[in-house]
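Report on the structure given below.
Only a predicted model underlies this, so the values are computations on that prediction, with no experimental measurement involved. Here is the naming used below: chain letters follow the sequence lines, and residue numbers restart at 1 for every chain. Heavy-atom basis, side chains included; hydrogens, waters and symmetry copies ignored.
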Number of protein chains: 2
Amino acid sequence: MGRKTTKSGKIRLTEVAKLAGVSPITASRFFRNPEALSLAKRERVDSAVKELGYVPNLAARALASHRTEVIGVVIPSLTNNVFADVLRGIYDSSEGSRYSIQLANTRYSILQEEKLLRLFRAQKPAGLIVTGINQTADSRAILESMNCPVTQIMEIGDSPVDMMVGFSHYDAGFAAISHILAQGRRRIGFLGARMDPRVQRRFEGYREAMKAASLFDPNLIVTTTVPTTVTLGGTLFADLVARTPDIDAVFCVNDDLALGVLFECQRRQISVPRDLAIVGFNDLEFMASAVPSLTSVRTNRYEMGRHAVTMVIEAIEGRRPEVPVLDLGFQLMVRESSTALDT
Amino acid sequence: MGRKTTKSGKIRLTEVAKLAGVSPITASRFFRNPEALSLAKRERVDSAVKELGYVPNLAARALASHRTEVIGVVIPSLTNNVFADVLRGIYDSSEGSRYSIQLANTRYSILQEEKLLRLFRAQKPAGLIVTGINQTADSRAILESMNCPVTQIMEIGDSPVDMMVGFSHYDAGFAAISHILAQGRRRIGFLGARMDPRVQRRFEGYREAMKAASLFDPNLIVTTTVPTTVTLGGTLFADLVARTPDIDAVFCVNDDLALGVLFECQRRQISVPRDLAIVGFNDLEFMASAVPSLTSVRTNRYEMGRHAVTMVIEAIEGRRPEVPVLDLGFQLMVRESSTALDT
DNA sequence: TTGTATGCGTTATCAG
DNA sequence: CTGATAACGCATACAA
């Protein structure tokens, strides 16, 4: 009397095996290691699967095998374009594989991060990708106790939990300032928002470059912990100009701020780059399109996502990388907004 | 000799129950329906859980209960800011609940969407959120066979699979054009990229508004299926000007294109809005900040995400909405770029 | 290459 | 309010 095609919950591996005339475990192997089956049985199982419309039960699989096929990804923001690119890389690279991505958003809160990591631990992910290197001690402990490959992304540093892929925000900040200095600018303002750990390291790059040139001056610095927007760029710039009118360049910790500064300059008839050089960070697509085109520091976000997933998957499958830390570097994209001063 | 605190895999509900002096099923109920326990046992279980550091096994739970606590979300793009906002709403609203979000990216491919839906079906999600109303017949069939609440987002239409939250892209396009016409403009160009179903409906709004004013002219239209960028906005605009030099306004299907048009105008010394009015779509944050500030159609993306999750969760828990279709509307944000022509 | 026996950790069912 | 028993659907280990 038992139905089988309807009430889709009914078709188990057993049914498939029965129809194919094999044992359940052979049918099971068909999915995990098809090559281990004789061609004949492989085809029999294959058609049985199709005929019955068999859909594997992931929960049963996970319970029996003690592992899932999900890779957890912990990022601090969904609205930040930077992470959108990283995520694209992650999803693109994971698609070919059998792993699926589970995303979690900390909103830049390390306590929230801790909570999410606890949640992940309950789920026994096959691998984990987390943003940055500033986890709490508890978070680190969780990560280390998780018995799965972990890749930290966006930046690099000593003492990785496991693997890392990113670049040095300090170096990138330093390089940006060195470039501006090389153009003959001296009063270089710093505009910062959000001030997360990576932004702070860019700031350190700025500070050290300025100090090395004996040009550091606290009056050149305007920061806020408020999230970044284009509008905020204009506001911060207005603050900076009010306090320090003689600036001849501005380094913005991201491109949204830089665009806001450009608009504010247009509003105030400040000529860019003649009166003011502008340099952003991340090299979002619009930077090249702006008038004047805006200099920025390109970061390889999409590649970061791709590498992170690849490294994790390789590690899951036993092929650990020779070096656990991958530096993807950055490129200074010099454009009109930071050309040399006429002298 | 058996450890228990280390090798965290060891602690099962049984261990908790033993320590608390109750049966496993009572310990189980502690998590799902604490009120059903006597205060005494509840406290005993509670401390046992804490003492042992018990972590529930989600796979076992899913297998035994025939349901998971994940809500699947299917979107066409991760880099599009529009979806970033929707996702933020989704994640924000899901956080308080016990449901976790599983994200899938179709990259605007309806075949990929079909594939992903099949994958979801294997996972027996508690609920599903999908983008748009243009699923393939197969996709629709899968959705309908899934036995869980489904919410379609971003737009509304007849014949929802289950529930819907969005707005009419046709109406929004029509309203934008009506506004431009009311400013005295006559030669209104249309710039479109990507041309996904929602963009096409905005186009239909444009077309009908123009036809109603007897101003429709194919030469005013430039579209491409290429993904949107700011740079592309400039390129499309250049094409349009080359073909139809006498335009006095441009409607862009999104804000990135609009920004690109603005930059291109700056490059060509075309005065906005004097020579050309510009209207975008979505009202991304930078629109208000641009010089001149750019008119756009605000869509309530964050709220869309929030409502979608809330509706799904409510439905999962048996409280279906009175009306299955929620229209969140749109607002025309009139700014400097589309003020009236001097006459 | 294939199959048998057994267990994974939890919850549903129904009785008390 | 509490508990005993029996699934849930699949994979591991080992044997053939």
Here's a test for you: under side-chain contact (heavy atoms from CB on, under 4.5 Å), which of B/I110, B/V130, B/V74 qualifies with B/Q135?
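Answer to the side-chain contact (heavy atoms from CB on, under 4.5 Å) test with B/Q135 among B/I110, B/V130, B/V74: B/V130.
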
Once you round it to whole Å, what is the distance between [atom2] of [N] and [atom1] of [X]?
X: B/H66; N: C/dT10; atom1: NE2; atom2: C1'; result: 11 Å
X: B/F31; N: C/dG9; atom1: CZ; atom2: P; result: 15 Å
X: A/R12; N: D/dA11; atom1: CZ; atom2: C1'; result: 15 Å
X: B/I11; N: C/dT10; atom1: CD1; atom2: C1'; result: 16 Å
X: B/F30; N: D/dG3; atom1: CZ; atom2: P; result: 15 Å

Below 4.0 Å: OP1/OP2 of [N] and any side-chain N or O of [X]:
X: B/R67; N: C/dA12; answer: yes
X: A/T26; N: C/dT2; answer: no
X: B/S65; N: C/dT11; answer: no

Per the under-4.0 Å heavy-atom filter, residues of residues 55-63 of chain A near DNA chain C come out as A/L63

Do any of residues 32-44 of chain A sit with a heavy atom less than 4.0 Å from DNA chain C, and if so which?
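Heavy-atom cutoff 4.0 Å gives A/A36, A/L37, A/S38, A/K41.
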
Spacing of B/L78 atom CG and A/D92 atom CG [to the nearest 0.5 Å]
8.5 Å

Rounded to the nearest 0.5 Å, how far does CZ of B/F83 lie from CG of B/N105?
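If we round to the nearest 0.5 Å, B/N105:CG and B/F83:CZ are 9.5 Å apart.
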
B/M163 versus B/P149: any side-chain heavy-atom pair under 4.5 Å?
yes

Do the side chains of A/L128 and A/T151 get nearer than 4.5 Å, heavy atoms only?
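No, every pair of side-chain atoms sits at 4.5 Å or beyond.
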
Classify the side-chain pair B/T136/B/S139 by whether it contains a donor and acceptor separated by less than 3.5 Å.
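Side chains of B/T136 and B/S139: pair found under 3.5 Å.
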
Between A/L13 and A/R29, who's closer to the 5' end of DNA chain D by nearest nucleotide?
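The residue mapped nearer the 5' terminus is A/L13.
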
Which side-chain N or O atoms in residues 307-314 of chain B pair as donor and acceptor under 3.5 Å with protein atoms at least two apart or in another chain?
| residue | atom | partner | partner atom | Å |
| --- | --- | --- | --- | --- |
| B/T310 | OG1 | B/R306 | O | 2.7 |
| B/E314 | OE1 | B/R319 | NE | 3.2 |
| B/E314 | OE2 | B/R319 | NH2 | 3.0 |

Classify the angle between the aromatic ring planes of B/Y54 and B/F31 as parallel (below 30°), tilted (30 to 60°) or perpendicular (above 60°).
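Tilted, since the angle between the ring planes falls between 30° and 60°.
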
Does the side chain to side chain donor-acceptor pair (under 3.5 Å) test come out yes or no for B/S109 and B/T106, once each step is laid out?
CA-CA 5 Å; B/S109 154; B/T106 70; over 6 Å; no

Could you note down all residue pairs passing side-chain hydrogen bond (donor to acceptor under 3.5 Å, both in side chains) where residues 24-33 of chain B supplies at least one of them, sequence neighbours left out?
B/S23-B/T26, B/S28-B/R32

A/R67: side chain to side chain contact (heavy atoms under 4.5 Å, CB included) partners, not counting sequence neighbours:
A/S65, A/R98

Under 3.5 Å, N/O pairs linking protein and nucleotides 5-7 of chain C:
none

